[in-house]
Asker: 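Dumping the structure here so I can ask a few things about it.
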Amino acid sequence: MARNGILVDYQYCTGCYSCEIACQSEQDLYLGQWGVKVLQNGPWPLKDAEGNETDKYVYDFIPSFTLQCNLCPERTAKGKKPSCVHHCQADIMRYGPVEELAKVLEQKPWQYLWVPPQG
Amino acid sequence: MADELEIQGAIDTDKDRDEIGTSKTENQFQIGAGKHHEVQDWAPSRPWQYEEDGYIVTRTSVWSAPGCHEGCGVLVYSDKDTGAFVKLEGDPEDPYNQGRLCPRCLAFKQVIQHPNRILYPMKRAGKRGEDNWERISWDEALDTVEREFKRIAVSYGPETIHLLRGTARDNQWQVGRLGYAIGSPNEYGFLSGTACYLPRISLMIMTYGGFMIADMSQFMARRYDDPAWECPECTIIWGCNPHISNPDFYMGHWVTDVMKRGCKLISVEPRVTWWAARADIHIQSRPGTDTAVAMAMLKVIIEEDLYDHEFVEYWTYGFEALAERCASLDLDKLAQICWVPREKLVAAARLFATSKPASVVWGLAVDMQSQGTPCAQAIAALWTITGNLDRPGGMVYTTAPMGVDPPSAGAWGYYDILTAEQQKKRIGWADYPMYRYGLTQSMPDMCLEECEAGRVKGLWLQTSNGINCMSCESERWYQALKKVEFCAGVDIFFTPTLLAYADIVLPVATWAEKKGIRAHYYFLSTINPTCTPEGEVLSDAEINRRLGSRFDNDQEYLDTISHARNSEPAWAQWASDEECFDEMINMTGYSWAELRDRGPAYPVYRYYKYTTGDLRPDGGVGFNTPTGRVELYASLFENFGYDPLPYIEEPGVGPNTTPELAKEYPLIMITGARTTSFFHSEHRQIPWLRQLTPDPWVQIHPRTAEQYGISEGDWVWLENKVRTPDRSITESTNNPHPEDLNDGGEWQVRRCRQRARITYEVAEYEVAAQHGWWFPEQDPSEPSLFGRTQSFVNQLLRNKPGRTGFGADLKCTLCKVYPCTPEEVAALPKHHWRKFDRRELARGVDPVTGAYVPQGVSAEPVAQGVGTAGSSPAVEHASLTGKEA
C-alpha cells in the first residue's frame, strides 16, 4: 500500500492554530497534547553586511507533526481529508501518497513533507 | 465634461442641520435593500440535513453566540437518538469558508457543553456583586423584566432604559427592536467614539452613498474560478491583522489566497505582523499617524500624475480642493510625523497607483484614533482617485443580499416604529450628526455621562460584557452603571458585568441551537437548529419577541408613555421566530424553510453600479450623495461644521502632543492586539482555546525589555495616568481635541498586569497589550468580579471621541512598563482554568494550581464554581452559583 503523508507549504502558514485544535477535537486529546503543533520562528530582522538591522524579517510558522498524528484513518477511509488539512485556513496542507506529494514538493521551495513513521 | 453626464444630486442638503440625515433614504447604505435579486446559478449538492454513520448532519451558518463576525458554513453532527451535539466540521461546499474553520469554531463543543454555561433563568438571591442566584421559571423572569421596565418607562420615560449589546450580529436588530417596543431609541455598545468600523462606515455613507470592501471574489459563489472576478495586483493591509482580528465578514485568509495568485502586499502597520514580514513594502508607522501616511501617498499620486483622470473627472466632486490640501503639505514633514522614511512612502504610493486592480484591507486601527473620520476619508480617496472603485478586484460596494437589509445593520424598524420625536431622543442625535449615518445607535461617551448623572434607570445587557471588554476608563463605567435601578442580562456565561449589575439573568441559545438569518454583504442563508438545546436556553429572537410583545400588546402602557407607533408593532405580529424571519426575507421570494432547504443564496453581483443607477434609491446614475458624485470634498461636513477635507492631527496624548507626560510615560501603547483563541472578552473559560493563550501578554521589544529589566514571561505593570475631566457634556463637545495638560480634573494613576512577551514584532518605542481580559476561574464576587481589574488594559484608556464623535485614541496612548515585585506575583490568585475541562479533573488536576495530583487526593477542597467531574450539567451549573438547584 502506498505510504501517505502531508505536504506543508509553510511559506503561507499564518499561525492561526486551526490545525492544532482540529486535531485535538478530532482525537479528543487532553490539554497540551498535540498531533500537530505550530512552531513560531521570529519575527527577527535580518542584518546587512555591516551588521545593521534591516527591514527584512524572518517570520515563519511551521506546523510540526507528532507521533500522535495518525493521518485520521477514519476520515480518509471515507474520502475526507485529515481534519487539520480540511480546516487549514491558509489552505497550505495537502494529503496524499508520498510519491505524488514529492513531485509537488519539487516544484516549489519553502515547503516540507511529513510522513508519519507508523503509517 | 462632467456636466454632460447630467449627474443629479441625490440628497437634499438645503434644510436645517437638525433635519439632514434623518430619513431612511439618506442612510440607505445597503445597496439594493428591499428589492428582489436574481440568484447566482449555484447551490450546494447536499440537502440541509442528512444521515452519516448514525449521526444526523445539519448544515448551518455560524453567527453569535458566542461572538463571531464571520458566518462560516459548518456541518454539525448530532446524536440520532438524543439530538445532542456531538461534533462539527467546516462545510467544504460553502463558498465563504470552503471548509476552513478557525480554532474558536473547532473548540465549540467545549462551549455548548461547558459545565459553567448558564442554562436556566435566574434571579439574584443577594446583593449585586454577590454570587448568589436562584433558579426561576421563564414566566417569572419575563414578568419581572416587564414589570420593572414598565415602571421605569412610566416614571422616567422609556428613553431612560438603555439597551447594550456586545459586538452582536444577527441579534443586533433584535436588541434595537426590543428598545423600539419599549419606546427607547438608546441602543449601543460601550465603546468610546464607537471606534469600531462606524467611523469608516459613516464616512463612506456620507461621501460615497454606501460602503466598500476589498473584492477577493467573495461575492461569487464560484469564488476564484468566476471569470467576472479579477485578482488584485496589489493590496494594502492597513492597520489590520486580517487572519486573527475577527474582521467584519471578511475571512482574513482570502488574502493568503490572493497572495498565492500573485497579489503584492503593502503593509501599513506599527507592528511587524506576519503580513508585514511578507509584504513588498512595510510602512512601520507611529501609532495614530495613519492620516499622515495616507495624505503623503495621495500627494505623491496626484503630483506624479498617477491618478485615474477619467474616473476623477467624471465621477468625483472636490478633487481640486483635495489636490490643494495635498499641495499645502510637505512630504518630508509628513514622513517626520509618521516616523517613516520618505522614500518608503513614495515607493508605496507608486506601487499602489500603478497596480490594477488594487484594494485596501483596512482594520480597526483606522477607527481607534481620534482621527478616525479624516483618516478613513484619506484612505478611501486613495482607492478612488486610482480608479479602483466598484471594479472587479478593487473596492466594491457591499449589498443587501437578496434585498434583505436588517439582520446585522441594527436598524430594522427604527424609522418605521419609533416616532420622529422619539428618534430624536437618541443620545448624540443632535450633538453628533454623523451618528445619523450607519447604525442608528447612541453616542457611547455621552451615554456614560448620562449614566454618571443617574439619568439612566434601566439596563438591558444582551451578550455584552461591557465593563470588561469595550469600556475605557472602565472604573467610570463600573461606578456609573451601579446607579441603574434595574438590570437584566442575557448571556451564555456569567461575566463580571452580569455579576456586578444583573438582577435577572436569562440563558441564551448558541448558534447551533437556534433558527436565524445570516444576511451580510454577499449571500443570504439560514441559521438552522442543529441539536437539542441545552437546559432551558432560548434564542435571542425568541427572548426579545416574548418580552417585546408584552409592551406591544399593552395599549394602556403605550398610551401612558405616549408611544404612538408609526406602523406595525415591533414584535407582537409574530407567533414564532420562523414567522418573523419569513417576513424579514419576504422580498426574496423564499420562506425561511425554503431558504434553509436551498442553502446559501448568492445574488448576481454587478460591478460599476454607479453607471447603471443601482447605487441610488432614486435609480439615478451616480452616487447617493448630495452632489451625486463621490465627494472627495464632503459637502455634508460643511453643513455639520467639520473640515470637508482630510486633515492631520496628532493623537490626544503622545510624544508631540503631551511631551511632559511622555517623559514620565515614554512608551506608545497599542491595545487590542488579538489572538485566534478569543473573540474579544469571550472564550477565556474554554480549555482548548485558553491553552493557546493562557495568560494576557504585552509585546515588548528585546532592547526595551533589557532597559527596564524585564525577562520573557515576567508579570509586568502597565501604567499611565488619566485625567477624568470634570466638565459637562457641552463643554467637552466644544473642546474635544487635542488633549492638553491643563484641561481640568485630577490625575489618576491607572495600571494593570500582563505578562511580557519579548519580541521584535513591536518597535522599541512601543508596546502592544491585549484587551478584554478577565479570569472565569477566579472569585466571581465583589471585589474580585472574576479578577476584572488584574489585567484589563482599558483601564488605561480614555473616553475621548474625535471631533465628529467618531474615533478614539485606543491604539495610540502612552504608558510605562516595569516588573511586578516577587511579592505581587506571589499574591496573584491561583485558581486554574484547567478545572473547566471535565476530563482534566477526572485525571486528577488540582483546580487551584492546575498541577496533576494522584487520583482521589485533592490539594484543596474543590473551589466555588467548579463542577464535579461526571455530574450532570444542571448540578454543576448550580454549584457555580453557590447554591443547590
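Within every chain, numbering begins at 1; the chains are lettered A, B, ... in the order of the sequence lines, protein sequences first and strands thereafter.
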Asker: For the atom pair SG (B:Cys72) and CZ (B:Arg104), what is the distance rounded to the nearest 0.5 Å?
Answerer: 9.5 Å
Asker: If we ignore angles and hydrogens, is there a donor and acceptor under 3.5 Å between the side chains of B:Glu93 and B:Ser45?
Answerer: yes
Asker: Could you tell me which residues satisfy side chain to side chain donor-acceptor pair (under 3.5 Å) with A:Lys81, sequence neighbours excluded, listed by chain and number?
Answerer: none
Asker: Do B:His683 and B:Ser677 get their side chains close enough for a donor-acceptor pair, meaning under 3.5 Å?
Answerer: no
Asker: With a 4.5 angstrom heavy-atom cut-off, is it the side chain or the backbone of A:Glu20 that approaches chain B, or both, or neither?
Answerer: side chain
Asker: Any idea how A:Phe61 and A:Tyr59 line up, ring-wise: parallel (<30°), tilted (30 to 60°), or perpendicular (>60°)?
Answerer: tilted
Asker: Is there any residue in residues 90-103 of chain A with a non-hydrogen atom under 4.5 Å from a non-hydrogen atom of chain B, and which ones are they?
Answerer: A:Ala90, A:Asp91, A:Ile92
Asker: Quick check on B:Arg278 against chain A: is it the side chain, the backbone, both or neither that has a heavy atom closer than 4.5 Å?
Answerer: side chain
Asker: What are the two closest heavy atoms between B:Pro702 and B:Thr759, and how far apart are they?
Answerer: CD-O, 3.5 Å
Asker: Mind checking side-chain contact (heavy atoms from CB on, under 4.5 Å) for A:Thr54 and listing every partner two or more places apart, or none if nothing turns up?
Answerer: A:Leu46, A:Asp48, A:Lys56
Asker: Could you have a look at B:Arg100, B:Met251, B:His253 and say which one has the most heavy-atom pairs with chain A under 4.5 angstrom?
Answerer: B:His253
Asker: So for A:Cys13, is it side chain, backbone, both, or neither that comes closer than 4.5 Å to the heavy atoms of chain B?
Answerer: backbone
Asker: Please flag which part of B:Asp53 lies under 4.5 Å from any non-hydrogen atom of chain A: side chain, backbone, both or neither.
Answerer: side chain
Asker: Check each atom of B:Leu692 against the heavy atoms of chain A and say whether the ones under 4.5 Å are side chain, backbone, both or neither.
Answerer: side chain
Asker: Tell me every residue that passes side-chain contact (heavy atoms from CB on, under 4.5 Å) with A:Leu31, counting only those two or more places apart in sequence or in another chain.
Answerer: B:Pro687, B:Trp688, B:Gln691, B:Trp833, B:Arg834, B:Asp837, B:Glu840
Asker: Among B:Glu89, B:Glu761, B:Lys87, B:Lys109, which has the most heavy-atom pairs under 4.5 Å with chain A?
Answerer: B:Glu89
Asker: Counting only non-hydrogen atoms closer than 4.5 Å, does B:Lys260 touch chain A with its backbone (N, CA, C, O), its side chain (CB onward), both, or neither?
Answerer: both
Asker: Please test B:Arg843 against B:Tyr852 for side chain to side chain donor-acceptor pair (under 3.5 Å), starting from the C-alpha separation and ending with a verdict.
Answerer: CA-CA 8 Å; B:Arg843 289 170 89 194; B:Tyr852 290 102; 2.5 Å; yes
Asker: So which of B:Leu88, B:Val255, B:Thr256, B:Val272 has the largest heavy-atom pair count under 4.5 angstrom toward chain A?
Answerer: B:Val272
Asker: Which class fits the ring pair B:Trp274 and B:His243: parallel under 30°, tilted 30 to 60°, perpendicular over 60°?
Answerer: tilted
Asker: Return the option, out of A:Val58, A:Asp28, A:Asp60, A:Asp55, with the maximum number of heavy-atom pairs under 4.5 Å with chain B.
Answerer: A:Asp28
Asker: Could you verify whether a donor N or O on one side chain and an acceptor N or O on the other, from B:Tyr77 and B:Glu52, lie under 3.5 Å apart?
Answerer: yes
Asker: What part of A:Cys16 gets within 4.5 angstrom of chain B, counting heavy atoms only: side chain, backbone, both, or neither?
Answerer: both
